[in-house]
2 protein chains.
Amino acid sequence: MDQTDKKIIEELSSNSRITMKELGERVHLTAPAAAARVQKIEENGVIEGYSIKANQAKLGCFMFTFINIYIEGTHHLPYLSFIQKQEKYIINNYKISGDSCYLLECRFPSNEALNQFLLELNKYANYKLSIVINK
Amino acid sequence: MDQTDKKIIEELSSNSRITMKELGERVHLTAPAAAARVQKIEENGVIEGYSIKANQAKLGCFMFTFINIYIEGTHHLPYLSFIQKQEKYIINNYKISGDSCYLLECRFPSNEALNQFLLELNKYANYKLSIVINK
DNA sequence: CTCTTTGACTTTATTTTCGAAAGGAGTTAA
DNA sequence: TTAACTCCTTTCGAAAATAAAGTCAAAGAG
């Protein structure tokens with residue numbers, strides 16, 4: 001993991017569909033050399049996958065939210081199995097140290113979907129809702 | 001934006017370095033047809049970019065945090081210009097409705113970097129720190 | 001000091017993919 | 001019917017990826 005590898009990760013972060021030839025040029029390598037490095041970085045688990053940045057609003061999900069989860073006592077399992085079933089709304093469930101137990105990153109297609117979700121969620125945990133206005 | 005387009009976005013979300021030929025096969029199209037659709041989706045702004053999922057811990061950033069930002073009064077500009085200068089640590093700055101004004105998503109390479117950042121941050125805003133233990 | 005090994009790179013050659021162009025099928029409307 | 005449009009496939013030359021072979025420098029052993 002030298003400077004060239006870091007540059008490769010930087011370049012792929014900003015555009016992962018770049019060709020190996022172009023990537024090579026940007027880090028002063030030939031295409032095969034760049035491809036070999038990328039493969040090694042993948043094998044080391046530093047690159048876990050290739051994805052897109054999608055505009056959620058244009059995909060019909062105009063509500064982007066963070067939900068702090070508060071669970072009394074030590075029975076986290078009912079909550080955890082609940083959110084596993086709700087994967088279509090949930091982007092990430094962070095276990096955190098601090099005020100609350102978890103921080104849920106979610107998106108919803110409508111107010112109704114959000115409302116329904118919160119009603120269900122309330123059976124398992126208390127929450128504090130934050131709606132993202134802007135990035 | 002029909003079912004095929006949604007499938008394309010799904011496939012590219014899970015692997016954006018897939019070839020147009022393979023993408024086409026997965027959505028029952030030829031390579032040129034798939035490429036044409038992807039281009040349209042890009043032009044519509046639904047796909048904003050192509051990126052990687054990098055393992056932050058293996059990149060040497062073992063502290064992943066959320067920081068709730070509280071600003072008294074209406075002078076957000078000093079804070080906003082401060083975080084623009086701190087881009088190397090900051091993944092996202094969400095403007096939110098709810099308890100706090102902003103939610104900062106950050107990663108730090110060390111406790112010292114975090115400490116230094118918080119000392120600086122405190123000149124512009126009050127905060128509440130949450131450290132991510134697990135995803 | 002010389003020989004060998006190793007690792008990272010380049011060069012070359014082959015296979016695969018891309019991307020532009022042309023054309024066909026289905027739909028809509030005059 | 002014909003024209004215009006959309007969306008697709010087929011075709012083919014250009015570009016990129018990939019595999020294989022060769023180069024070079026550093027490190028270690030005899």
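Quantities reported herein were computed from a predicted structural model and do not represent experimental measurements.
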**OP:** Give a yes or no on whether the backbone of B:Gly49 and the side-chain of A:Arg17 come within a donor-acceptor separation of less than 3.5 Å.
**Re:** no

Subject >> Atom of A:Asn44, atom of B:Lys58 and distance for their closest heavy-atom approach >> reply: O-NZ, 3.0 Å

Original post:
Near DNA chain C, which residues from residues 30-51 of chain A have a heavy atom under 4.0 Å away?
Top reply: A:Thr30, A:Pro32, A:Ala33, A:Arg37, A:Lys40

Original post:
What is the minimum heavy-atom distance between B:His76 and B:Gly73, and which atoms define it?
Top reply: NE2-O, 3.9 Å

Original post:
Is the distance between the ring centroids of B:Phe82 and B:Phe117 under 6.0 Å?
Top reply: yes

**OP:** Inspect the contact between A:Arg26 and A:Glu22 and indicate whether a charged nitrogen and a carboxylate oxygen are less than 4.0 angstrom apart.
**Re:** yes

Subject >> Donor-acceptor under 3.5 Å (A:Ser51 side chain, B:Ser13 main chain) >> reply: yes

**OP:** Mind listing the closest non-hydrogen atom pair of A:Tyr89 and A:Ala113 along with its distance?
**Re:** OH-CB, 3.6 Å

**OP:** Using chain A heavy atoms and a threshold of under 4.0 Å, write down where along DNA chain C the contacts begin and end, 5' to 3'.
**Re:** C:dA8 to C:dT11

Original post:
Going by heavy atoms closer than 4.0 Å, what residues in residues 1-26 of chain B are next to DNA chain D?
Top reply: none

**OP:** Identify whether A:Ile96 and A:Val132 are in the same connected component of the hydrophobic contact network (ILVMFWY, side-chain heavy atoms under 4.5 Å).
**Re:** yes

Subject >> Main-chain N/O of A:Tyr94 paired to A:Asn92 side chain as donor or acceptor, under 3.5 Å >> reply: no

**OP:** Any chance you could measure A:Lys6, atom NZ, to A:Ile9, atom CD1, to the nearest 0.5 Å?
**Re:** 8.5 Å

